Participant: 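Structure incoming, see below.
The structure displayed is predicted, hence computed values, not measured ones.
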Amino acid sequence: MPLFSDINTWALIALVIGLGLMVLEIFTPGFGLCGGCGLVLMAIAVILQAKSLLEAVILTTIILVVLGIAFLIAVRSAQKGRLSRSPIILKESIGEENPAKEELFGKEGVAVTPLRPSGTVKIGEERISAVTDGEWLSAGTKVTVAGMYRLTPVVRKVEE
């Protein structure tokens, strides 16, 4: 008996829609709804189409290869392509926005915006997002970097 001797139309429709939903989930952020529905549809397609265990394994392998290729395209796009310019992709610019931690300790600057407790300070020529320990500081207040919270400098008012 030849493999895939007769193609079930409903299985083919479920497979195509399932693959489409999975690719959509790869390229767009979501709550997994598209991916979950795609996974269910692809499982239904395998169940409807496969007449033997061998056919099920072959069909599952084809699905995984197609999804793997889509994933590689998405990763490449996130690094260099159109997706890399999307505001939804978390970039390494978080580290670029604030200079290295060691360079900031002890440096003085001025609050550009009110710090309630977060805002913007200017240290040298750099405008940097910063937070206070909870104290509210008005714009124009002289500050010094006292520490770091994750990637964000923690500033304190300079006592004069």
Participant: V23 and V65: same hydrophobic cluster, using ILVMFWY side-chain contacts below 4.5 Å?
Facilitator: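 Same hydrophobic cluster.
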Participant: Should I62 and L54 be counted in the same cluster of Ile, Leu, Val, Met, Phe, Trp and Tyr side chains packed under 4.5 Å apart?
Facilitator: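 Yes: a chain of side-chain contacts under 4.5 Å links I62 to L54.
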Participant: Under a 4.5 Å side-chain heavy-atom rule over Ile, Leu, Val, Met, Phe, Trp and Tyr, are F105 and V155 clustered together?
Facilitator: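 Yes, F105 and V155 fall within the same hydrophobic cluster.
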Participant: Exactly one of L21, V16, L15, I17 should register a side-chain contact (heavy atoms from CB on, under 4.5 Å) with L19. Which one does?
Facilitator: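 Running side-chain contact (heavy atoms from CB on, under 4.5 Å) over L21, V16, L15, I17 with L19 returns exactly one hit, L15.
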Participant: I need the I123 CD1 to E103 CD distance, nearest 0.5 Å.
Facilitator: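 Between atom CD1 of I123 and atom CD of E103 there are 11.0 Å.
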Participant: Nearest heavy-atom pair of V143 and L137: which atoms, and what distance?
Facilitator: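 Here V143 and L137 meet closest at CG1-CD1, 3.7 Å.
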Participant: Nearest 0.5 Å please: distance from the CZ atom of R116 over to the OG1 atom of T132.
Facilitator: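 Reported to 0.5 Å precision, the distance equals 11.5 Å.
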Participant: Which atom names give the shortest non-hydrogen contact between L104 and M148, and what distance separates them?
Facilitator: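 What the structure gives for the nearest pair is CD1-SD, 4.4 Å.
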Participant: Following the transitive rule for hydrophobic clusters with a side-chain heavy-atom cut-off under 4.5 Å over Ile, Leu, Val, Met, Phe, Trp and Tyr, establish whether V40 and W10 coincide in one cluster.
Facilitator: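 Result: yes, single cluster for both.
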Participant: List the steps, then state whether side-chain contact (heavy atoms from CB on, under 4.5 Å) holds for M22 with I63.
Facilitator: CA-CA 10 Å; M22 289 297 287; I63 290 169; over 6 Å; no
Participant: Find out whether I128 and V145 are in side-chain contact, i.e. whether some heavy atom of one side chain is under 4.5 Å from a heavy atom of the other.
Facilitator: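 Result no, sub-4.5 Å side-chain heavy-atom pair not found.
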Participant: What distance separates S52 OG from I58 CD1, expressed to the nearest 0.5 Å?
Facilitator: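 Result: 7.5 Å between the selected atoms.
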Participant: For A146 and R156, work out which heavy atoms get closest and say how close.
Facilitator: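 Here A146 and R156 meet closest at CB-NH1, 3.4 Å.
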Participant: To the nearest 0.5 Å, tell me how far L39 CG sits from I44 CD1.
Facilitator: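 Reported value, rounded in 0.5 Å steps: 10.0 Å.
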Participant: How would you list all residue pairs meeting side-chain hydrogen bond (donor to acceptor under 3.5 Å, both in side chains) that involve residues 136-146, not counting sequence neighbours?
Facilitator: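 Applying side-chain hydrogen bond (donor to acceptor under 3.5 Å, both in side chains) to every pair that reaches into residues 136-146, excluding sequence neighbours, yields S138-T141.
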Participant: Does L48 share a hydrophobic cluster with I13, counting links as ILVMFWY side-chain heavy atoms below 4.5 Å and allowing steps through other members?
Facilitator: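 Yes; I13 is reachable from L48 via cluster members.
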Participant: Could you report the tightest heavy-atom contact between A130 and V121, atom names first, then the distance?
Facilitator: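 Reported closest heavy-atom pair: CB-CG2, 3.9 Å.
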Participant: Is T113 reaching over with its side chain to a backbone N or O of T120, donor-acceptor style, under 3.5 angstrom?
Facilitator: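 Yes; at least one donor-acceptor contact below 3.5 Å.
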Participant: Starting at CE of M42, measure out to CG of L64 and round the result to the nearest 0.5 Å.
Facilitator: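 Answer for the CE-CG pair, M42 versus L64, is 8.0 Å.
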Participant: So which heavy atom on S129 is nearest to which on P153, and how close?
Facilitator: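 For S129 and P153, the tightest heavy-atom pair comes out as O-CD, 3.3 Å.
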Participant: So which atom in L115 and which in A111 form the shortest heavy-atom distance, rounded to 0.1 Å?
Facilitator: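 That closest heavy-atom pairing would be CD1-CB, 4.0 Å.
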